[in-house]
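For reference, the structure discussed in these notes is given below.
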Number of protein chains: 2
Amino acid sequence: MKAKLTAHDVARLAQVSQSAVSRAFTPGASVAPETRERIHLAARQLGYRPNAIARSLITRRSRIIGLVMSYLDNQFYPLVIERLSQALQRDGYHVLLFISETAQADSVLTDILQYQVDGIVLASTTVSSALANDCTRAGIPVVLFNRVAQIGAMGRYATSSVTSQNRAGGRMVGELLLRTGHRRIAWLAGEENASTSLEREAGLCEALAAAGQEPCARAVGHYDFEQARRAVLALFADPATRPDALAVANDHMAIAALETLRGELGLRVPHDVSVVGFDNVPQAAWPSFNLTTVQQDVDQMVDATRALLFEHIGGEVVPRSVAVPCTLIERGTVRARQ
Amino acid sequence: MKAKLTAHDVARLAQVSQSAVSRAFTPGASVAPETRERIHLAARQLGYRPNAIARSLITRRSRIIGLVMSYLDNQFYPLVIERLSQALQRDGYHVLLFISETAQADSVLTDILQYQVDGIVLASTTVSSALANDCTRAGIPVVLFNRVAQIGAMGRYATSSVTSQNRAGGRMVGELLLRTGHRRIAWLAGEENASTSLEREAGLCEALAAAGQEPCARAVGHYDFEQARRAVLALFADPATRPDALAVANDHMAIAALETLRGELGLRVPHDVSVVGFDNVPQAAWPSFNLTTVQQDVDQMVDATRALLFEHIGGEVVPRSVAVPCTLIERGTVRARQ
DNA sequence: CTGAAAGCGCTTACAG
DNA sequence: CTGAAAGCGCTTACAG
């Protein structure tokens, strides 16, 4: 392994000062065009590239964004990683990825802060709001993705967030199910205290209430395939009280529900039960599922996230929450009015 | 945003030198236990955390690993991201994620090198081998994940890699299909020049050759759902020459094949055609697919990757390739001998 | 437009 | 065990 090249080496070859080399690699710095050319030539000859670490130290900007996620089973999150990291790359930023189980939230925080990231995106339903508060307190911009800040009793640090209009989405689901004549609508929740799940449920209930109804049953699937399966089994255990529609907090669990309903309970979807998901992950469109769902607009959510991030990096301190519209995607898992 | 805290601030409060503060945060450095205690106390009071950027600059170790991926549609890759980043976190490393379309491979390289990553994992079938060579030449350790170095004519830089025993896996598929009495076996390839796809195909052909057979047809799906669909349509266009088994380069395309065969061609799997995939992604186990496939052992692959990475970071320069055993997972998409 | 110089926040020989 | 000092590789006023 050869010794590391520095700006000095280039300066020597190009017969300029080290400062000039630095300027030649700083967009907008004042260098004579021909000097810059000569320096770039020398750099290319040597294979020199500025050291981003040293630059970060002095500019106090790392151009790194920390992205915290918990689990990637749900295909919605790989999608987010993909779009967000590509967008951020175009902006000249990079993403440092942290996959954290709930437990290690604190060590994750310490890590992130040590790396002097310019901002953090928290796209993990399970990471505590305390984590977000700590970062805000440490002066580093945080934006919550696909969840909303808990307005806790003690630490009243609000945090910026971007979500879909989950309540409106939930309402769409309720209205669709009502419109198609369903009378016994059950709700399969994600996590009991996840804002996303809660909001969607609230929207559903709102729509039902407007028609003088309410969900006939409710279970919790913890955003997990296997736990969703068991929740469905419980919900449909008694044929006498069987729901005629199941609204699910996300597609990942909706697909688990579909599999369980058809494969284990021998029910036909949508003939015997209708199922609606939320997210519109790629698999929802696969013919085997053909899942009616509410689409979250990932690109718009990513754009909003970047905007918020840059706003805060630029010095804005008051948090802002943006909720992106979502769209009902009608496919084949809801029966038509009979 | 408050001014950044430094070791000096802590030193002042704890009444020691800045060097002592540094030592208190360096495992194994020589500090009196009570001094260390006092310093940690002061640090906690102030909310001080060492600046990893400054540390990296002087130690010339960033403890960052660059992870380069291309697309995450295939659920195998989110799995890899998850396992690899968690393992690396436990090792005290962090991952800087680069999602690159084929085209931008060069800009990715420049970016990565500027960030002084300690190593790079290239888990992207589409990134050119030239990229890997450039890194190796720049003196930064690279390990290829799920692919193997092209031994090019010009730049003869070999690169370390970890893969499954793809050829053996391909052979398992061939033997299974032969054993169950299939006579017209078609191959659906991934990318024409992807080592992974090529090796699996070679294994399949080897098994068939041992029985005096060869694949009856072949098509390319480019690891893409839609292109796999079209390839299947072409492969099964003529009922007279219809294959009785389809071996597919990965599960992602195998599921596309299943959907197309059943949904569009009205064929029953495995009654009319058998299908075998490769990877054992989570969806392969879903009841709707119940896909017979070859499992790649992600955990073992991740462990091998770490081992190789640390070996090279530690100074080892001769590249090494490790191939992890894979396992046939028999489920429901291959008909039993009739 | 260009160079000399200070400094970003650490680690690490070197003395004591 | 501890402190003073040099230095990691840059950026950026400040003069000229």
Side-chain angles (χ1 to χ4, degrees), chain A residues 1-40 42-43 46-64 92 113-118 138-139, chain B residues 1-40 42-43 46-64 92 113-118 138-139:
Chain A
M1 183 165 2
K2 57 191 72 151
K4 277 275 184 291
L5 282 166
T6 74
H8 276 108
D9 302 307
V10 179
R12 201 171 307 122
L13 182 60
Q15 317 234 52
V16 292
S17 72
Q18 179 268 131
S19 324
V21 175
S22 172
R23 289 194 189 96
F25 283 96
T26 305
S30 102
V31 214
E34 50 170 337
T35 310
R36 157 173 277 132
E37 215 28 77
R38 191 150 38 92
I39 293 172
H40 279 173
L46 297 173
Y48 167 81
R49 280 175 253 262
N51 181 327
I53 297 279
R55 172 182 293 158
S56 296
L57 184 58
I58 196 148
T59 60
R60 288 124 156 283
R61 284 270 131 104
S62 62
R63 301 198 75 84
I64 291 179
L113 292 184
Q114 292 194 185
Y115 272 96
Q116 315 298 117
V117 297
D118 290 344
Chain B
M1 184 168 357
K2 58 193 68 150
K4 277 277 184 290
L5 282 165
T6 75
H8 276 108
D9 302 307
V10 179
R12 202 172 306 121
L13 182 60
Q15 317 234 52
V16 291
S17 72
Q18 179 267 130
S19 324
V21 176
S22 173
R23 289 195 188 95
F25 284 96
T26 306
S30 102
V31 216
E34 50 170 337
T35 312
R36 158 172 277 133
E37 214 29 78
R38 190 151 38 93
I39 292 172
H40 279 172
L46 297 173
Y48 167 80
R49 279 175 255 263
N51 181 326
I53 296 280
R55 173 181 292 158
S56 297
L57 184 58
I58 196 149
T59 61
R60 288 124 156 283
R61 284 270 132 104
S62 62
R63 301 197 75 85
I64 292 179
L113 292 183
Q114 292 194 185
Y115 272 96
Q116 316 297 116
V117 297
D118 289 345

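Since the model is a prediction, treat every value here as computed from it, not as a measurement. Computed from heavy atoms alone, side chains included, the values below leave out hydrogens, waters and symmetry copies. The chains referred to below are lettered A, B, ... by the order of the sequence lines, with proteins before strands, and numbering in each begins at 1.
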Do the non-hydrogen side-chain atoms of [X] and [Y] ever get within less than 4.5 Å of each other?
X	Y	answer
A/Arg55	B/Gln114	yes
A/Thr35	A/Arg38	yes
A/Asn51	A/Thr6	no
B/Tyr48	B/Pro50	yes

Using the side-chain heavy atoms of [X], tell me which of these nucleotides is nearest: [options].
X	options	value
B/Leu57	C/dC10, D/dC8, C/dG3	D/dC8
A/Arg23	D/dG9, D/dT12, C/dC10	D/dT12
B/Ser17	C/dT2, D/dG3, C/dG9	D/dG3

Base, sugar-phosphate alone, or nothing: which one does [X] contact when heavy atoms must sit under 4.0 Å apart?
X	result
A/Thr35	sugar-phosphate
B/Val21	nothing
A/Thr59	sugar-phosphate
A/Phe25	nothing

query = Across all strands shown, which nucleotide pairs with C/dA4 by Watson-Crick or G-U wobble geometry, both distances under 3.5 Å?
reply =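 By the stated definition (distances under 3.5 Å), nothing pairs with C/dA4.
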
Nucleotide forming a Watson-Crick or wobble pair with D/dA13, both distances under 3.5 Å =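 Looking at the geometry, D/dA13 pairs with no nucleotide.
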
[X] [atom1] to [N] [atom2], straight-line distance once rounded to whole Å:
X	N	atom1	atom2	result
B/Gln116	C/dC10	CD	P	19 Å
B/Glu37	D/dC1	CD	P	15 Å
A/Ile39	C/dG3	CD1	C1'	12 Å
B/Arg61	C/dT11	CZ	C1'	14 Å
B/Arg63	C/dC10	CZ	P	17 Å
A/Glu34	C/dT2	CD	C1'	13 Å
A/Arg12	C/dG3	CZ	C1'	16 Å
B/Ile53	C/dG9	CD1	C1'	11 Å

key: N or O in side chain of B/Ser30 less than 4.0 angstrom from D/dC1 OP1/OP2   =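 Checking D/dC1 against B/Ser30, a side-chain N or O does come within under 4.0 Å of OP1 or OP2.
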
query = Distance check: side-chain N/O of A/Ser22 vs OP1/OP2 of D/dC10, anything under 4.0 Å?
reply =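 Result: no.
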
5'-most by nearest nucleotide on DNA chain D - B/Ala32 or A/Tyr48 =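 Result of the comparison: B/Ala32.
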
ask   = C/dG9 base to A/Arg60 side chain: any donor-acceptor pair below 3.5 Å?
value = no

task = Could you walk me through whether A/Val10 and A/Leu5 pass the side-chain contact (heavy atoms from CB on, under 4.5 Å) test, one step at a time?
result = CA-CA 8 Å; A/Val10 179; A/Leu5 282 166; over 6 Å; no

message = Looking at B/His40 and B/Ala24, would you say the former's side chain and the latter's main chain have a donor-acceptor pair under 3.5 Å?
response = yes

remark   = The residue, B/Ser19 or B/Thr6, whose nearest nucleotide of DNA chain C is more 5′ is B/Thr6

